[in-house]
Amino acid sequence: TATPAENIRTNALWRKCMHRWPWFLVSVIICLIVAVLYLYVTPPTYTRYASIIVIEDNKSSTSTSDMMSSLFSNLSVFRYKNPNDTKTSAKREMLFMQSDEMLETVVRRLSLNMNYETDGSFHRDLLYGKTLPVMVHFLDLNDFQHASLTLKLHNGITLEDNGETKPIRLGDTVATNYGRVVVTPSLAYARAVRMGMTIYVTHNRIDDAVRMCRSRLSANMDNEVPS
């Protein structure tokens with residue numbers, strides 16, 4: 001139970017706070033505005049988690065490549081199996097999961113070296129999966145070349161390449177400064193045309209994409225082993 005002296009001090013503190021309530025209100029409003037601006041300005045980060053159980057068995061074992069395939073199965077494009085992998089340890093699986101060989105396979109299967117963006121309110125928005133209107137295929141580029149171009153979907157398709165602008169059609173092979181290019185429609189093509197969307201396309205080097213994936217991949221071993 002609070003003593004009378006403590007009650008007096010509490011009441012005095014409360015009166016002082018109430019006397020300065022406009023400052024508290026202004027502080028809360030400023031914090032909310034800063035938080036909202038931060039959320040708008042910061043590009044979204046897509047994260048995926050998975051738990052993998054490695055069971056050592058003389059007869060068979062599930063390889064990391066199969067587990068990674070299951071992890072990305074909803075994308076319906078990652079399929080990789082290693083039939084020679086018969087027995088492994090959790091540490092070896094973790095090393096393999098973060099190896100250049102595995103990450104390069106993921107990059108190729110998911111086309112993570114291709115980057116599609118469009119203009120947003122505060123930053124460029126990433127286009128991927130269901131939000132991707134078109135896919136650009138660089139027929140003459142190798143894995144260690146970088147390229148970038150711009151597509152405008154308004155009253156047809158216009159391709160901008162190093163200051164040069166030309167109208168193109170879906171499925172046609174177009175000559176550019178980076179060699180032959182083919183543009184094919186994807187899931188959100190009709191919506192992008194209605195919006196008159198501008199798409200910034202970047203073909204990154206495979207090794208750069210692998211390094212990016214490695215820097216964002218984290219694998220840890222859980223101390224608890226299920227019975």
Item to complete: Using a strict cut-off of less than 4.0 Å between a Lys/Arg side-chain nitrogen and an Asp/Glu carboxylate oxygen, indicate whether R108 and D143 qualify as a salt bridge.
Response: yes

Backbone of [Y] reached by a side-chain donor or acceptor of [X] within 3.5 Å:
X	Y	value
T158	P167	no
Q145	N142	yes
K166	T176	no
Y116	P133	no

Interatomic spacing from [atom1] in [X] to [atom2] in [Y] - rounded to 0.5 Å:
X	Y	atom1	atom2	value
R191	L153	CZ	CG	12.0 Å
H203	N115	NE2	CG	12.0 Å
I157	K152	CD1	NZ	14.0 Å
L159	I199	CG	CD1	11.0 Å
L139	R180	CG	CZ	5.0 Å
L141	N113	CG	CG	10.0 Å

What pair of heavy atoms forms the shortest contact from [X] to [Y], and how long is it?
X	Y	value
L112	C213	CD1-SG, 3.7 Å
T105	E101	OG1-O, 3.0 Å
M197	L127	SD-CD1, 3.9 Å

Worksheet item: Just checking, is any N or O donor in the side chain of Y200 or D119 under 3.5 Å from an acceptor N or O on the other one?
Response: yes

Discussion item. I'd like to know whether NE2 of H154 has more than 12 heavy-atom contacts from other residues, nucleotides or ligands below 6.0 angstrom.
Written reply: no

Is [X] linked to [Y] within one hydrophobic cluster, defined over Ile, Leu, Val, Met, Phe, Trp and Tyr using a side-chain heavy-atom separation of less than 4.5 Å?
X	Y	result
V28	V36	no
Y128	V183	no
V201	L187	no

